[in-house]
2 protein chains.
Amino acid sequence: MLKLEPNIKKNLRATGRRMTRTRQAVLSLLQKTRQPVSATEIFERLHQEKVAIDLVTVYRTVHVLKELGLVLQLDLHQEGLSRYELKEGRKHHHHIRCQICGQIEDLLLCPLKKVTKLIEQQTQFIVDDHTLEFTGLCPQCQ
Amino acid sequence: MLKLEPNIKKNLRATGRRMTRTRQAVLSLLQKTRQPVSATEIFERLHQEKVAIDLVTVYRTVHVLKELGLVLQLDLHQEGLSRYELKEGRKHHHHIRCQICGQIEDLLLCPLKKVTKLIEQQTQFIVDDHTLEFTGLCPQCQ
DNA sequence: TGGTATTTGCAATGGACTTGCAATAAGAAG
DNA sequence: CTTCTTATTGCAAGTCCATTGCAAATACCA
Ligand SMILES: [Mn+2]
Ligand SMILES: [Mn+2]
Ligand SMILES: [Zn+2]
Ligand SMILES: [Zn+2]
């Protein structure tokens, strides 16, 4: 079912955690989902699939999966909520969101390597991370 | 006192709005402030200056100033609140924030012109805007 | 110096997310 | 398979940032 599952179970156990029905359900949903999903969306979709899970548990689950490095948390501009996506082998990338319909698409690029060095020189900061996001109109909404 | 004030008053009046004591106070504070400030910070600093203003009014004021295009709203990654800065003649730029002390510094550059075109070709989106932010350690916190 | 529409303060409300705690269930050991 | 310990869950309540309703205050035009 989940190729991921054995590895993930190991990760969980290595930190004194357990693989539970609800964690499997959340992981399974994240695997099916192509777009980053919010806690509420996870909650609603699982209920559609007749999986009983509390919203609090969804929050706690994504938090754990983030700690394990299995899930990435996105805070897109002006959405006022967090979204989550499976990391599973995907490389560093960014996103573009449609202002009308909310569709989010991956941008499989990062143009910031050189700029980061420049910024470190200019500011004397040590740069640790960056967030980059584009917004606009998707083909359907233009 | 405020060079801005006459122009701003015109802007306000042009949209049926009024220049009030509290709006002047918020504008004046934003002028003094070099770093982007949150609504709560505006509230607290004005109270330190013995300016009576309700937090709700701060929210409503920055909202109006944003509508007039006088103020820019920033939602920095994982801060969980919005910050505001005067637009007044400043050009498009980005920010870097120290993960330890929270200091925010302007980055007077934007490396995304070319990438934007590339993204429009690749995704068929019409790109309208972008957000870019760096995080790291400032010189003092390293 | 009014008259009226805008703005303000206060209190209540909304939405995302977190925390406390008792009940439940994972999974190791026997 | 049964038992035992401890992590996890659900429910309720709480936190934090921000918004909304409404009556009182005030900007500003005539
Ligand atoms: Mn993605
Ligand atoms: Mn700035
Ligand atoms: Zn990047
Ligand atoms: Zn830019």
Side-chain angles (χ1 to χ4, degrees), chain A residues 2 5-6 8-27 29 36-47 50-68 70-71 73-84 102, chain B residues 2 5-6 8-27 29 36-47 50-68 70-71 73-84 102:
Chain A
L2 285 183
E5 215 185 298
I8 293 181
K9 188 159 186 176
K10 269 184 202 163
N11 280 330
L12 285 166
R13 305 260 63 237
T15 54
R17 283 183 254 251
R18 297 170 184 178
M19 174 55 88
T20 64
R21 192 170 317 161
T22 59
R23 284 178 183 164
Q24 280 181 32
V26 171
L27 280 164
L29 185 84
V37 282
S38 68
T40 307
E41 283 170 3
I42 294 173
F43 172 80
E44 285 170 352
R45 293 198 197 177
L46 286 179
H47 274 255
K50 308 292 181 203
V51 177
I53 186 174
D54 195 273
L55 180 57
V56 176
T57 305
V58 175
Y59 279 109
R60 287 196 270 232
T61 301
V62 291
H63 182 257
V64 166
L65 296 178
K66 207 179 83 177
E67 276 191 351
L68 294 182
L70 298 171
V71 153
Q73 177 177 350
L74 311 178
D75 299 282
L76 301 188
H77 190 59
Q78 299 217 323
E79 277 212 310
L81 52 77
S82 293
R83 295 183 174 278
Y84 304 89
Chain B
L2 284 184
E5 214 183 297
I8 293 180
K9 188 160 185 174
K10 267 184 204 162
N11 279 330
L12 285 165
R13 305 261 64 240
T15 53
R17 284 183 254 250
R18 297 168 184 181
M19 174 55 88
T20 65
R21 193 170 319 159
T22 61
R23 283 177 184 166
Q24 280 180 34
V26 172
L27 280 163
L29 184 86
V37 283
S38 68
T40 308
E41 283 170 4
I42 295 172
F43 172 80
E44 285 169 352
R45 294 197 197 178
L46 287 180
H47 274 254
K50 309 293 181 202
V51 177
I53 186 173
D54 195 273
L55 181 57
V56 175
T57 305
V58 174
Y59 279 110
R60 287 196 269 232
T61 302
V62 291
H63 182 257
V64 166
L65 296 177
K66 207 179 81 176
E67 277 192 351
L68 294 181
L70 299 171
V71 154
Q73 177 177 349
L74 311 179
D75 299 282
L76 301 188
H77 189 61
Q78 299 218 322
E79 278 214 309
L81 51 76
S82 292
R83 295 184 174 278
Y84 305 89

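Lettering of chains follows the sequences in order, A, B, ..., and the numbering in each one begins at 1.
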Kindly indicate, with the supporting measurements, whether the criterion side chain to side chain contact (heavy atoms under 4.5 Å, CB included) is fulfilled by B/Leu81 and B/Glu41.
CA-CA 11 Å; B/Leu81 51 76; B/Glu41 283 170 4; over 6 Å; no

Would you please test B/Thr22 and B/Thr20 for side-chain hydrogen bond (donor to acceptor under 3.5 Å, both in side chains) and show each step?
CA-CA 5 Å; B/Thr22 61; B/Thr20 65; 3.2 Å; yes

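B/Arg60 comes within 4.0 angstrom of a nucleotide base, judged by non-hydrogen atoms across all strands. Note on B/Ser82: only backbone sugar-phosphate atoms sit closer than 4.0 angstrom, heavy atoms only; bases stay farther off. B/Leu55 comes within 4.0 angstrom of no nucleic acid atom, judged by non-hydrogen atoms across all strands.
Looking at heavy atoms from C-beta onward, B/Val64 lies in side-chain contact with B/Leu12 at the 4.5 angstrom threshold. At least one side-chain heavy atom of B/Ile53 sits less than 4.5 Å from a side-chain heavy atom of B/His47. At least one side-chain heavy atom of A/Leu68 sits less than 4.5 Å from a side-chain heavy atom of A/Arg17.
Across the interface with DNA chain D, nearest-nucleotide mapping of B/Gly80 and B/Met19 shows B/Gly80 to be the residue nearer the 5′ end. If you find the closest nucleotide of DNA chain C to B/Arg17 and to B/Val56, the one lying nearer the 5' end belongs to B/Arg17.
Taking 3.5 Å as the limit, the base of C/dA25 and the side chain of A/Arg21 contain no donor-acceptor pair of atoms between them.
Of all the heavy atoms in B/Val56 and B/Asp54, the pair that sits closest is N-OD1, 2.9 Å.
Whole-Å rounding puts the A/Asp54 CG to C/dT19 P distance at 16 Å. If you take OH of B/Tyr59 and C1' of C/dA12, they are 16 Å apart, rounded to a whole angstrom. With rounding to whole Å, A/His63 atom NE2 is found 13 Å from C/dT19 atom C1'. The CZ atom of B/Arg23 sits 11 Å away from the P atom of C/dG9 (whole-angstrom rounding). Atom-to-atom, CG of B/Leu81 to P of C/dA16 comes out at 17 Å; the value is rounded to the nearest Å. If you measure from atom CG of B/Leu65 to atom P of C/dT7, you get 11 Å, rounded to the nearest angstrom.
Using a 4.0 Å cutoff to heavy atoms of chain A, the contacted part of DNA chain D runs 5' to 3' from D/dT6 to D/dA12.
Scanning for salt bridge (charged side-chain N to carboxylate O under 4.0 Å, His left out) contacts around B/Glu79 gives B/Arg83, B/Arg97, with sequence neighbours left out.
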